[in-house]
Amino acid sequence: MMFRYYFLLGIRSLRRNPALTALMILTLAVGVAASISTLTILHVMSGDPIPHKSNRLFMPWMDNGPLKGYTPGEESRDTQMSYRDAMNHLPAKIGERRTALYGILMAIEPARKDLPAVESEGVAATKDFFTMFDTPFLHGQGWTENDDTKAADVVVLGNKLAEKLYGKTNPVGQYLTMIGHQFQIVGVLDTWEPSPRFYRFSGRNATFGVQEDFFIPFSSAIRHEITHAGGMSCTGENAPGWQGRLDSECTWLHFWFELKSEGQRQELQSYLDNYAVEQRKLGRYMREAKNKLFNVMEWMEEAKVVDNDNKLSAWLAFGFLLLCLVNTVGLLLAKFSVRASEVGVRRALGASRKEIFNQFLIESSVIGLAGGVTGLLLAFGALALIAMQSKQLTVVAHMDWQMLSITFVMSVTAAILAGLFPTWRACQVTPAIQLKSQ
């Protein structure tokens with residue numbers, strides 16, 4: 001009953017000095033918004049992009065570099081795979097599915113003559129890619145194993161590019177011109193914006209909230225001699241011509257295994273170790289470096305998706321919140337000090353220090369709650385603005401509401417703690433002195 005009375009009293013006290021109250025609430029709100037926004041973005045960046053199977057998807061890390069310039073015991077930093085190795089792994093009967101892929105850039109010529117050619121970013125992959133990474137389809141489906149075998153000119157479009165070229169209509173079955181060849185559209189993906197595109201980044205291109213424009217069969221890209229969007233890095237002698245690139249030790253592909261269960265990890269590790277031994281007998285893999293496996297979350301950590309600068313920004317956000325709390329302490333001291341005469345009268349009428357403490361602490365809590373709610377609204381506004389600016393329209397959708405609630409509660413609790421010292425100071429008022437001065 002007394003809590004309700006003090007709570008209502010706290011709400012009424014907000015109107016006593018509206019300018020000072022508004023300044024306190026705004027100070028808290030800015031600190032809360034900064035901390036929530038920063039932590040939310042950090043959480044989205046470091047969250048599991050495919051939680052139900054991230055522990056069953058593995059990227060191998062194998063060092064097929066030359067002995068020249070190699071120091072025994074040195075760890076390889078080559079995160080990609082050669083075409084030769086990928087072709088050896090694809091037909092292997094290890095795991096449930098396998099896919100080789102690489103990023104490509106291609107000029108797309110729309111069927112409509114009024115639209116200019118569009119340079120688009122996409123992926124060349126094998127058919128299992130769509131099942132492995134749970135890509136949702138709006139129209140049609142992925143290509144077949146027969147399309148992979150025949151290196152068919154088929155394409156799956158991202159929904160944004162499909163809408164840009166064909167509007168809201170279903171384009172499956174139609175043809176579009178890419179690099180001077182006719183590709184038949186077999187599917188259109190629904191909104192799918194993995195953050196980041198973990199399946200094909202190497203730390204430098206960990207782009208967040210970006211959807212691929214199109215997907216074509218890996219074999220078709222090889223047949224048309226479509227090079228990697230970022231070029232090819234070679235650890236061996238690169239013979240001239242496209243076939244020379246394929247035969248050399250150029251490392252430009254990403255490769256993923258999907259296992260039936262996490263328990264098959266050791267089986268996959270043994271397969272890779274045996275493969276390296278076999279290749280060493282053929283004059284390859286001479287470094288004898290340790291073969292590694294990374295599941296999705298391990299790979300994101302290894303590639304430093306969330307680098308130290310981003311982690312530092314989280315600490316800076318908490319530091320800013322602390323600064324706002326310090327300012328709030330000063331403002332609360334100013335607010336409560338002018339009410340010394342009120343405290344003196346209440347003490348003279350029989351109110352105990354405990355009752356005075358409870359009253360002022362609840363008033364501080366009301367201010368903290370108001371600041372927290374305002375900060376939450378500012379955080380949503382800031383995140384929406386960031387989303388529009390970076391075209392990451394799903395930032396809020398990726399938010400972990402439990403994490404958000406914990407952050408909010410922590411911020412409000414911190415605001416309440418900030419009111420402890422001003423509240424304690426208010427309780428130290430001597431009634432006799434205040435009555436005499438009045």
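Just so you know, these numbers use all the heavy atoms, side chains as well, and skip hydrogens, waters and symmetry mates. Note that the numbering runs from 1 along the sequence shown for the chain.
- Closest of all the heavy-atom pairs between P110 and L165 is CG-CD2, 3.6 Å.
- Going from atom CD1 of I185 over to atom CG of L157 covers 4.5 Å, rounded to the nearest 0.5 Å.
- Below 30°, between 30° and 60°, or above 60°: for Y275 and H89 the angle between ring planes is between 30° and 60°, a tilted geometry.
- Side-chain contact between I179 and M106 is present, with heavy atoms from C-beta onward closer than 4.5 Å.
- Counting heavy atoms of neighbouring residues, nucleotides and ligands inside a 6.0 Å radius, atom NZ of K164 does not exceed 12 of them.
- Counting all heavy atoms, side chain and backbone alike, D147 lies closest to S219 at O-OG, 4.0 Å.
- Distance alone, capped at 3.5 Å, places no donor-acceptor pair between the T374 side chain and the A29 backbone.
- Contact check for F130 versus W143: side-chain heavy atoms found under the 4.5 Å cut-off.
- N274 and E278 share no donor-acceptor pair across their side chains, judged by distance under 3.5 Å alone.
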Could you check E121 against K160 for salt bridge (Lys or Arg N to Asp or Glu O under 4.0 Å), going step by step and ending with a plain yes or no?
CA-CA 12 Å; E121 184 176 359; K160 292 181 180 178; over 6 Å; no
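- L272 places a side-chain heavy atom less than 4.5 Å from the side chain of M62.
- In this structure the side chain of F255 reaches within 4.5 angstrom of the side chain of L90, judged on heavy atoms.
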Tell me, with the steps shown, if F218 and V123 meet side-chain contact (heavy atoms from CB on, under 4.5 Å).
CA-CA 8 Å; F218 179 85; V123 166; over 6 Å; no
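- Between H224 and F183, the ring planes are tilted. Angles from 30° to 60° get that label.
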V186/V155 under side-chain contact (heavy atoms from CB on, under 4.5 Å): CA gap, chis, key distance, verdict | CA-CA 6 Å; V186 296; V155 61; over 6 Å; no
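- Note that the CG atom of L138 and the OG1 atom of T191 stand 8.0 Å from one another [nearest 0.5 Å].
- The two atoms that bring P217 and A152 nearest to each other are CG-O, 3.5 Å, heavy atoms only.
- Salt-bridge check for R98 with E258: failed, with every basic side-chain N at 4.0 Å or more from each acidic carboxylate O.
- With contacts defined as side-chain heavy-atom distances shorter than 4.5 Å, the pair L189/V156 qualifies.
- Heavy-atom neighbours of Q174 CD from other residues, nucleotides or ligands within 6.0 Å: above the threshold of 12.
- For the pair H139/D190, no side-chain contact is recorded, criterion being any heavy-atom separation below 4.5 Å from C-beta on.
- Ring pair F294/W61 is tilted by interplanar angle, where 30° to 60° counts as tilted.
- Taking T177 as the reference, E109, Q182 meet the side-chain contact (heavy atoms from CB on, under 4.5 Å) condition, with sequence neighbours excluded.
- For the residue pair L378 and A33, the shortest heavy atom distance occurs at CB-CB, 3.7 Å.
- Of the possible polar contacts, none joining the R56 side chain to the E262 backbone as a donor-acceptor pair under 3.5 Å is found.
- Of the charged side-chain nitrogens involved, none lies within less than 4.0 Å of a carboxylate oxygen, so that E145 and R97 do not count as a salt-bridged pair.
- The nearest pair of heavy atoms linking F257 to P60 is CE1-CG, 3.8 Å.
- With hydrogens and angles ignored, the 3.5 Å screen pairs a side-chain donor or acceptor of D148 with a backbone N or O of K127.
- The structure places OH of Y285 at 8.5 Å from CG of D63, a figure rounded to the nearest 0.5 Å.
- Using modelled atom types, one finds a donor on one side chain and an acceptor on the other under 3.5 Å when comparing D153 with S220.
- Proximity of K168 to E163: side-chain heavy atoms (C-beta onward) are separated by under 4.5 Å at one or more points.
- Between T227 atom OG1 and I104 atom CD1 the span is 9.5 Å, to the nearest 0.5 Å.
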- Task: Go through the steps for S270 and D273 under the test side chain to side chain donor-acceptor pair (under 3.5 Å), then give the verdict.
- Result: CA-CA 5 Å; S270 298; D273 292 341; 5.5 Å; no
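- One distance of note links CZ of F58 with CG of L259; it measures 5.5 Å at 0.5 Å rounding.
- Judged purely by distance below 3.5 Å, without hydrogens or angles, the side chains of N291 and Y271 never pair a donor atom with an acceptor atom.
- With 3.5 Å as the limit, one finds a donor-acceptor pair spanning the side chains of H52 and D134.
- In terms of modelled atom types and a separation under 3.5 Å, the side chain of Q264 and the main chain of K260 share a donor-acceptor contact.
- Contact between V32 and L376 at its shortest, heavy atoms only, is CG1-N, 4.4 Å.
- For the 3.5 Å distance criterion, the side chains of N146 and T149 fail to qualify, holding no donor opposite an acceptor.
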Worksheet entry | Criterion side-chain contact (heavy atoms from CB on, under 4.5 Å) on I226 and Y102, from CA distance to verdict | CA-CA 10 Å; I226 303 173; Y102 67 103; 4.2 Å; yes
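- The closest side-chain heavy-atom distance from T135 to F215 is not below 4.5 Å.
- Once rounded to the nearest 0.5 Å, the distance linking CD1 of I367 with OG1 of T27 reads 11.0 Å.
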TODO: May I have the step-by-step check of side-chain contact (heavy atoms from CB on, under 4.5 Å) for R284 and R84, ending in yes or no?
DONE: CA-CA 11 Å; R284 304 177 68 228; R84 185 189 305 182; 3.0 Å; yes
